A.B. asks: 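Input: one structure, supplied below.
Numbers restart at 1 for each chain; the letters A, B, ... are given by sequence-line order, proteins then strands. For clarity, every value in this text was computed on a predicted model and none was experimentally measured.
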Amino acid sequence: MKEKDLRRSLSVLPIGTVMKLTSLTARQIRYYEEQGLVSPERNDGNRRMYSLNDIDVILEIKDYLDEGLNIAKIQEIYKKRKEDNKSNDTKELTDQEARKILSDELLNIGGLNSHDAANNSF
DNA sequence: ATTCTCACA
DNA sequence: TGTGAGTA
């Protein structure tokens, strides 16, 4: 599935489209790039061009932010995910990988809930 | 019209 | 993060 991956990585969307697709402001989208969470290309006139992959990531960032994570935590998640992908570049394992990533993210999210951990009378 | 950088409330 | 200024 390299063809599909390639197309998914083609940066052809201007920030305006990303705004509509993600319901975020240009400010936020640019800020996430500043934090190294997305890496849009800079084609004509120094304008950011996003790929479908970027949209995916930005959408996830939005979800994480929604669940109460801060930029720092999200950066950790993506850093870990990247190293995980490098570990097994020998095959296309997707099920086992997905499980690890999922549990990894859930752990990060859970570890953040220190506020309700105190009054856990149930 | 659209996006970019920078800086300040 | 929002927003306005001055560009490209």
Side-chain angles (χ1 to χ4, degrees):
Chain A
M1 293 188 199
K2 286 176 178 150
E3 289 292 323
K4 195 166 140 195
D5 264 32
L6 204 59
R7 264 181 292 247
R8 217 180 172 58
S9 298
L10 284 184
S11 304
V12 292
L13 312 168
I15 199 169
T17 303
V18 183
M19 288 174 69
K20 294 173 184 174
L21 261 39
T22 64
S23 305
L24 290 171
T25 66
R27 181 80 164 84
Q28 293 175 298
I29 298 170
R30 297 195 190 104
Y31 178 66
Y32 302 153
E33 172 189 10
E34 204 173 82
Q35 302 309 301
L37 293 142
V38 284
S39 308
E41 318 241 320
R42 289 308 195 87
N43 287 349
D44 97 90
N46 199 43
R47 283 185 159 65
R48 297 179 178 72
M49 298 303 269
Y50 297 82
S51 68
L52 294 179
N53 267 322
D54 294 328
I55 303 294
D56 243 69
V57 174
I58 294 174
L59 248 20
E60 275 188 44
I61 295 173
K62 206 185 137 195
D63 283 346
Y64 286 141
L65 252 28
D66 227 51
E67 302 196 56
L69 284 96
N70 58 356
I71 298 295
K73 293 291 182 186
I74 299 176
Q75 290 177 327
E76 288 175 37
I77 291 177
Y78 279 81
K79 178 175 182 178
K80 223 166 202 178
R81 180 181 302 186
K82 185 174 184 179
E83 313 208 330
D84 260 23
N85 273 321
K86 285 200 169 184
S87 299
N88 54 283
D89 48 22
T90 167
K91 7 187 173 91
E92 60 284 351
L93 125 87
T94 308
D95 187 67
Q96 178 183 322
E97 257 303 286
R99 286 172 181 286
K100 197 199 190 304
I101 294 175
L102 258 299
S103 65
D104 195 65
E105 290 166 8
L106 289 217
L107 281 182
N108 275 305
I109 295 174
L112 184 69
N113 297 333
S114 53
H115 48 284
D116 58 69
N119 54 324
N120 224 348
S121 51
F122 209 79

A.B. asks: Can you name the side chain to side chain donor-acceptor pair (under 3.5 Å) partners of A/R7, sequence neighbours left out?
C.D. replies: none
A.B. asks: Send over the distance from A/K20 NZ to B/dT2 P, rounded to a whole Å.
C.D. replies: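 Rounded to whole Å, this separation is 7 Å.
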A.B. asks: Looking at A/L13, is its backbone amide N or carbonyl O close enough to the side chain of A/T17 to form a donor-acceptor pair, meaning the two atoms are under 3.5 Å apart?
C.D. replies: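 The answer is no, because no donor-acceptor pair under 3.5 Å joins these two groups.
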A.B. asks: Taking only Lys NZ, Arg NE, NH1 and NH2, and the carboxylate oxygens of Asp or Glu, determine whether A/R8 and A/E3 approach each other closer than 4.0 Å.
C.D. replies: no
A.B. asks: Classify every nucleotide of nucleotides 2-8 of chain C by which part a protein heavy atom approaches to under 4.0 Å, writing B for the base, S for the sugar-phosphate alone and - for neither, in 5'-to-3' order.
C.D. replies: BB----B
A.B. asks: Categorize A/R48 for me: base, sugar-phosphate, or nothing, with a 4.0 angstrom heavy-atom threshold over every strand shown.
C.D. replies: sugar-phosphate
A.B. asks: Please give the stem ranges for DNA chain B, sorted by first residue number, where a stem is three or more consecutive Watson-Crick or G-U pairs and both donor-acceptor distances are under 3.5 Å.
C.D. replies: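 Stems for DNA chain B, defined as runs of 3 or more consecutive pairs: B:4-8 with C:2-6.
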A.B. asks: Is it the case that the side chain of A/Q35 and the backbone of A/I71 share a donor-acceptor pair, with hydrogens and angles ignored and the cut-off at 3.5 Å?
C.D. replies: no
A.B. asks: Verify, without hydrogens or angle tests, whether A/D54 (side chain) and A/S51 (backbone) share a donor-acceptor contact under 3.5 angstrom.
C.D. replies: yes
A.B. asks: Please check if A/V38 and A/M49 belong to a single hydrophobic cluster, counting links between Ile, Leu, Val, Met, Phe, Trp and Tyr side chain heavy atoms closer than 4.5 Å.
C.D. replies: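 No; A/M49 is not reachable from A/V38 via cluster members.
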A.B. asks: Rounded to the nearest angstrom, tell me the gap between atom CD1 in A/I29 and atom P in B/dT2.
C.D. replies: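 It works out to 15 Å between those atoms.
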A.B. asks: Working to the nearest 0.5 Å, report the span between CD1 of A/I29 and CG of A/L37.
C.D. replies: 13.0 Å
A.B. asks: Given atom CG of A/N70 and atom P of C/dT1, what is their separation to the nearest angstrom?
C.D. replies: 11 Å
A.B. asks: A/Y31 side chain N/O closer than 4.0 Å to the phosphate oxygens (OP1, OP2) of B/dC4?
C.D. replies: no
A.B. asks: Nearest whole Å is fine: how far is C/dT1 C1' from A/Q35 CD?
C.D. replies: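 My rounded result for the distance is 12 Å.
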A.B. asks: With salt bridge (Lys or Arg N to Asp or Glu O under 4.0 Å) as the test, pick out the partner of A/R48 among A/E33, A/E41, A/E34.
C.D. replies: A/E33
